[in-house]
Amino acid sequence: MPLPNDRPPSLAIFCKVVDNYGDIGICWRLARQLHGEHGVAVTLWVDELPSFKRICPGIDVSAEVQQASGVTVRHWRDQDGVFAPADIADIVIEFFACDIPPGYIAAMAQCAPHPAWLNLEGLTAEEWVEGCHALPSPRHGMTKHFFFPGFTRKTGGLLREAALDEKRLAFQADAVAMAAFLGRFGVTPAEVSALKVSLFCYPSAPVAELFAAWQQVSEPVVCLVPEGVAFDAVQGFIGDDAAVAGASRTRGALTLRVLPFVPQDDYDRLLWACDINLVRGEDSFVRAQWAGKPFLWHIYLQDENLHHVKLRAFLQRYAFDADGVIDSLLQAALAWNGADADALPWTALWPALQADMRRISARAQDWRQQMHAHGDLASNLLAFASETR
Ligand code: TRH
């Protein structure tokens, strides 16, 4: 972005935590990358620090202002602040259409030039996104632009750090490091060579049915689930002990291990170390795609089953290869999300999925390459901000 004295731009991200970890997860990932790779002076305004602390344990939940990985983190408490033009960043991002403070907008309007003002939207594979990405919208005498992440060249792409592949390949090439990482969660050497599945989903996923199916398979399955995820099904499987981090139970072919909720970078390592990843929401869904391993996505529930439309839009892009639709993957993905009224039981869906694992793996790797070609969201966003200012 061209600035008078060639200084890197400053950028403010406003994040309201609606629920869970995806809102802050995405904003934190973006903030870290913008600072670490592009030298941008980032201020991350976030209204809820305890959620932030779960994915970034160094966060002080009582601090008004703190530094984390070179990013200034400000506790966003109210809408009433008074700001001067000097307080305003060169690029202002409101995440998921959160309302940024009126005083901040008033000061933005006094800046010359006005800051680049972007509304960073949610990820969906639906086709209309291409038509809405980068659209301008006049506001308070300024222009706000919509910026959509996405799966095609006509969108902003997906968040991906420049060194991500290098880190993943180094980790996966080091069997000792990988076993030591898994060992931190109690995974034994014998379990390291079993089929390893990470589990992150919303409470509505048919987890108990999947556990029942896994108990009956011929080869051992080790399921690694962060504490609190699918709590009822996990507690039901664990039995009398509390389903807290460190708890585990083996029944039939399935060993279930409850993990602590790990920092964001360790969550990547978990995805890289597992053979299949069950992910959810937006950010873990994208990380599973960069991991390039087979995955099932549990989509965030929306009213009137709008999420089923979004799920199908993604599967239409993803669940096929040169030989056509990957039926086992499609069926399992729909059933996992309650989107198929005639779904087969998991005792049939899982073996079908496993039988196709080589094909599904190849598709995951292909897709990763395809997504790479669209650049990365942070770089795309900076380039766009520079054009609009
Ligand atoms: O937590 P999510 O369900 O988040 C969101 C929110 O619900 C949001 O409101 C909604 O808009 C969005 O989904 C679609 O799922 P998500 O997006 O995968 O975010 C989880 C974050 O937590 C992600 O950054 C990875 C991180 N994480 C860890 O750091 N450690 C862990 O142990 C786990 C399981 C996740």
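Everything numeric in this text was worked out from a predicted model, so none of it was measured. Counting convention: from 1, in listed order, for ligands and their atoms alike.
- S386 places no side-chain N or O within donor-acceptor distance of the main-chain N or O of L382, the cut-off being under 3.5 Å.
- Among F95, Y202, F96, the residue whose heavy atom lies nearest to atom 3 (O) of ligand 1 is Y202.
- A donor-acceptor pair is defined here as one N or O able to donate and one able to accept, closer than 3.5 Å; no such pair exists between the side chain of S69 and the backbone of V71.
- Close approach of ligand 1 to D23 (heavy-atom distance below 4.0 Å) involves ligand atoms 8 (C), 9 (O), 11 (O).
- Residue contacts with ligand 1: W28 is excluded, as none of its non-hydrogen atoms falls under 4.0 Å.
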**Request:** Before giving the answer on salt bridge (charged side-chain N to carboxylate O under 4.0 Å, His left out), spell out for R29 and E161 the whole-Å C-alpha distance, their side-chain angles and the decisive distance to 0.1 Å.
**Result:** CA-CA 9 Å; R29 195 180 290 293; E161 301 80 2; 3.4 Å; yes
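- A donor-acceptor pair under 3.5 Å is formed between the side chain of D174 and the backbone N or O of V176.
- Between F200 and ligand 1, not a single N/O pair is under 3.5 Å apart.
- Regarding atom 9 (O) of ligand 1, its nearest protein heavy-atom neighbour is D19 OD1, 2.7 Å.
- A cation-pi contact links R363 to F320, judged by a cut-off of 6.0 Å to the six-membered ring centre and 45° from its axis.
- L44 and I100 are assigned to two separate hydrophobic clusters, defined by single-linkage of ILVMFWY side chains at heavy-atom distances under 4.5 Å.
- Each of the following atoms of ligand 1 lies closer than 4.0 Å to a heavy atom of G281: 13 (O), 14 (C), 15 (O), 17 (O).
- If you check which protein heavy atom lies closest to atom 18 (O) of ligand 1, you get S284 OG, 2.6 Å.
- Protein heavy atom in closest approach to atom 2 (P) of ligand 1: R280 NE, 3.5 Å.
- Heavy-atom contacts from other residues, nucleotides or ligands closer than 6.0 Å to CG of D19 number more than 12.
- Atoms of ligand 1 lying under 4.0 Å from any heavy atom of G25, numbered from 1 in the order shown and given with element: 24 (O).
- Nearest non-hydrogen protein atom to atom 26 (C) of ligand 1 is I55 CG2, 3.7 Å.
- Using a 4.0 Å cutoff on heavy atoms, G122 does not count as a contact of ligand 1.
- Closest to atom 33 (C) of ligand 1 among all protein heavy atoms lies F261 CZ, 3.4 Å.
- Between the side chain of N337 and the backbone N or O of W297, at least one donor-acceptor pair lies under 3.5 Å.
- With a 4.0 Å heavy-atom cut-off, ligand 1 is reached by the side chain of Y300 but not by its N, CA, C or O.
- With hydrogens and angles ignored, the 3.5 Å screen pairs no side-chain donor or acceptor of N277 with any backbone N or O of V279.
- The local environment of CD in E166 is sparse, with at most 12 non-hydrogen atoms from other residues, nucleotides or ligands closer than 6.0 Å.
- Proximity of Y267 to ligand 1, defined as any heavy-atom pair under 4.0 Å, is confined to the side chain (atoms from C-beta onward).
- The closest side-chain heavy-atom distance from F211 to C223 is below 4.5 Å.
- Atom 4 (O) of ligand 1 has as its closest protein heavy atom G22 N, 2.8 Å.
- Among protein heavy atoms, the minimum distance from atom 24 (O) of ligand 1 is reached at D283 OD2, 2.5 Å.
- Of the protein's heavy atoms, V262 O, 3.3 Å lies nearest to atom 28 (C) of ligand 1.
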